[in-house]
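Beneath this line is the structure, given in structure tokens, with notes to follow.
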Protein chains: 2
Amino acid sequence: MTVTLADVAARAQVSPATVSRVLNGNYPVAASTRERVLRAVDELDYVLNGPASALAAATSDLVGILVNDIADPFFGIMAGAIQGEIGGPGGRAGGERLAVVCNTGGSPERELTYLTLLQRQRAAAVVLTGGAVEDAPHAAAVAAKLRKLAEAGTRVVLCGRPPAPDTRAIALTFDNRGGARALTDHLIGLGHRRLGYIAGPVERTTTRHRLEGHRAALAAAGIEEDPRWTVYGRYDRRSGHEATLELLRRDPSLTAIVAANDSVALGACAALRESGLRIPEDVSVAGFDDLPFSIDCVPSLTTVRLPLAEAGARAGRVAMGREEPPLGGVASIRGELMVRGSSGVPRGAQ
Amino acid sequence: MTVTLADVAARAQVSPATVSRVLNGNYPVAASTRERVLRAVDELDYVLNGPASALAAATSDLVGILVNDIADPFFGIMAGAIQGEIGGPGGRAGGERLAVVCNTGGSPERELTYLTLLQRQRAAAVVLTGGAVEDAPHAAAVAAKLRKLAEAGTRVVLCGRPPAPDTRAIALTFDNRGGARALTDHLIGLGHRRLGYIAGPVERTTTRHRLEGHRAALAAAGIEEDPRWTVYGRYDRRSGHEATLELLRRDPSLTAIVAANDSVALGACAALRESGLRIPEDVSVAGFDDLPFSIDCVPSLTTVRLPLAEAGARAGRVAMGREEPPLGGVASIRGELMVRGSSGVPRGAQ
DNA sequence: AGCCGCACAGCAAGCGCTTTCTATATCTGT
DNA sequence: ACAGATATAGAAAGCGCTTGCTGTGCGGCT
């Protein structure tokens, strides 16, 4: 039925062992023999049996990439960059590895199940992207899983995610706090004193860190925050739209709205416009991440650029052991404030 | 070192066979025994060895999803929907399958290599999304691969991709031609007579079909097309930006620009604005796909909505054998014209 | 000339699981 | 109470590959 190593061996008149060695190229084989084998492989259209190979060699060429939302370019860009370095077909790496991205949908259980599935497949490496969920039991479960993966020889890298203590996982973390701080500092510098904040889901680290940075800026400027100024939502445009209307209802005198990310900011812009408010004359808007579309918004979005592709590439290289992990296993990656058209001097402050 | 089935069996005082049956749940096992086994599994923290299992059972629980560009929401949305139905962890499907998305970057070789890799892993199913490359040798190679996959028992589904003849692959195709026709008809109906077209990469089916629809509309209206009105590019905003400037240079009297997709349209809008042209007063713009951000553009984008999530979900179900494939193995999925703010009556036509 | 070492090739023992076939209780019906 | 059916557990034969160890022939060395 299906062609096996033995068939190839028979055809090439060599032993299965030799065929295996030709295919893996990690053992001396005479050129003439090699050629004969390769010809047989070709003629028979032989395809290695991955599971069998993985079983015998006790390793696999699978690399898992976990993302929260595959439809969100934030993750797509990172995943693409990681995959580019993993090798995958065409990657600059030699060995062919199957980089697979797994969509957790932000659900802790799914995350855990995927990790188990990857563990089951004896994945060569795993990269977890995006913020973690701040639920103690879950965090512990994930940490335990990561520890176990590491023990089994799977390299674990966190990309854009806070370090996981007591784990051998390498962490490339985004400095969300610092970026948010710089962003709000900028707004305050323009003269804003009443700033609404549209946060992401409460339980996520990213949400908390960005909010903390925002609040640190307020505190530093001596602005007392009104609890009505913060609304929690999701990381999508719809959430930004709804939250903005809510914010406007609570305090129509807001002069700026800081969004959890660019998509949310986009929704916020739409809501403001529908409410008859001009950006930035009436209300300034700021996003986070600097996704490709941000520059094309009208007005273009003031935001914090996160080097997603670079971070992903680095994570990929580290996962493949092609780059030294940062000292201490943790690196903080800074964002860059991008001041654009959506932020301006508040009305009245001239 | 690592815990195996045998260890669990020993601990539960049963045979390995019994443990396997408990885990797979496809053979009667007494409740008391099952419980004992499960307890042992738990205590030992046993994780099944995927490769070994796949080897013995001659099937795997891997499902491959091929996308052209993982950073593009067009693919992200489809991939997410497919994955949702594949089961994956948390999916409504019971069995846990590892849905993996592979990023081909639009490269034919990568596509082929990924297919081989999936064949090597004995994937349970493969879903190919997005347009195909119109290169005869490559198309033949892909068709051969798909045939081989199908022979090996892998279910093959094409989602948003033209049918592959001589293949058992199920195809859910987008009616790009029809959608483009409707879109340009709309523009012509508004009074436009000089329309620029920003196409995608030349060699892609999607590009050709959309362009054909556009031209069919022109022909039906008796408009003779000027070759200067078409520029080929890529499916991203940058390409739209550049192409628009080029179009404007070639013929400043254009009153409308039809873009290959929404991202391209976004870039086109930016270029027009930079050129001091108003949308739609001076130039109308139209996109394709209706990605989430399209409605938030300023003005909001006239485009053709493609039911990406629905199509993906359906493809996923078909791939899992949970839904009957369409008659003849091919279904055409229509888009819906979304008339919004970016298209209007051309200047002078009042 | 004779011996050692090297460069290859083959043997065979698993890797950890699934599954067919077989064995042993435990029922069921009359 | 006994034959036949039923339910459940085990033995063992692989699945297709990798790899440590064992041959074998050859050139180079003294």
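Only this structure's heavy atoms are used, side chains among them; waters, hydrogens and symmetry mates stay out. Chain letters run A, B, ... following the sequence lines, proteins first and then strands; every chain starts at 1.
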Heavy-atom pair of closest approach, residues [X] and [Y]:
| X | Y | answer |
| --- | --- | --- |
| A:Thr167 | A:Arg147 | CG2-N, 4.4 Å |
| B:Ala123 | B:Thr154 | O-OG1, 2.7 Å |
| B:Val127 | B:Cys159 | CG1-CB, 4.0 Å |

Give a yes/no on whether any side-chain N or O of A:Ser15 is located under 4.0 angstrom from OP1 or OP2 of C:dG10.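 Yes, because at least one side-chain N or O of A:Ser15 sits under 4.0 Å from OP1 or OP2 of C:dG10.
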
Between the opening five pairs and the closing five pairs of the helix from C:dA1-D:dT30 to C:dT30-D:dA1, how far apart are the helix axes, to 10°?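 Computed angle between terminal axes is 30°.
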
Nucleotide by nucleotide, 5' to 3', does protein get under 4.0 Å of the base (B), only the sugar-phosphate (S), or neither (-) in nucleotides 19-28 of chain C, counting heavy atoms? BBB-------

For the pair B:Arg204 and B:Glu134, find out whether any cationic side-chain nitrogen is under 4.0 Å from an anionic carboxylate oxygen.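 No, B:Arg204 and B:Glu134 are not salt-bridged.
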
Check B:Arg161 with B:Glu111, please: is the shortest side-chain N to carboxylate O separation under 4.0 Å?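 Between B:Arg161 and B:Glu111 there is a salt bridge, with a charged N closer than 4.0 Å to a carboxylate O.
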
Please name the residue in the list B:Thr4, B:Leu48, B:Val37 that meets the side-chain contact (heavy atoms from CB on, under 4.5 Å) test with B:Val19.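 In the set B:Thr4, B:Leu48, B:Val37, the residue that makes a side-chain contact (heavy atoms from CB on, under 4.5 Å) with B:Val19 is B:Val37.
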
If you assign A:Val47 and B:Gln13 each to the DNA chain D nucleotide with the nearest heavy atom, which residue ends up on the more 5' nucleotide?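 Going by which nucleotide is closer to the 5' end, it is B:Gln13.
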
If we count only N and O atoms by modelled type, under 3.5 Å, do the side chains of A:Lys148 and A:Gln119 hold a donor and an acceptor together?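 Distance-only check fails for A:Lys148 and A:Gln119.
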
Check: A:Ser15/A:Thr18 side-chain N/O donor and acceptor closer than 3.5 Å: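 Checked: A:Ser15/A:Thr18 side chains pair up, N/O donor to acceptor below 3.5 Å.
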
Please check if atom CD in B:Gln13 has more than 12 non-hydrogen atoms from other residues, nucleotides or ligands closer than 6.0 Å.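 No, CD of B:Gln13 has 12 or fewer neighbouring heavy atoms, counting only those of other groups under 6.0 Å.
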
For B:Glu35, is the CD atom crowded, meaning more than 12 foreign heavy atoms sit under 6.0 Å from it?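 For B:Glu35, atom CD is not crowded (no more than 12 foreign heavy atoms under 6.0 Å).
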
Which residue lies toward the 5' end of DNA chain C, B:Leu55 or A:Val29, if each is placed at its nearest nucleotide?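 It is A:Val29, whose closest nucleotide lies nearer the 5' terminus.
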
Leading and trailing nucleotides of DNA chain D with any atom under 4.0 Å from heavy atoms of chain A: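 First-to-last contact on DNA chain D, by the 4.0 Å heavy-atom rule, is D:dG16 to D:dC21.
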
Without decimals, in angstroms, what is the distance between A:Arg34 CZ and C:dC8 P?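 Interatomic distance, CZ of A:Arg34 to P of C:dC8: 9 Å.
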
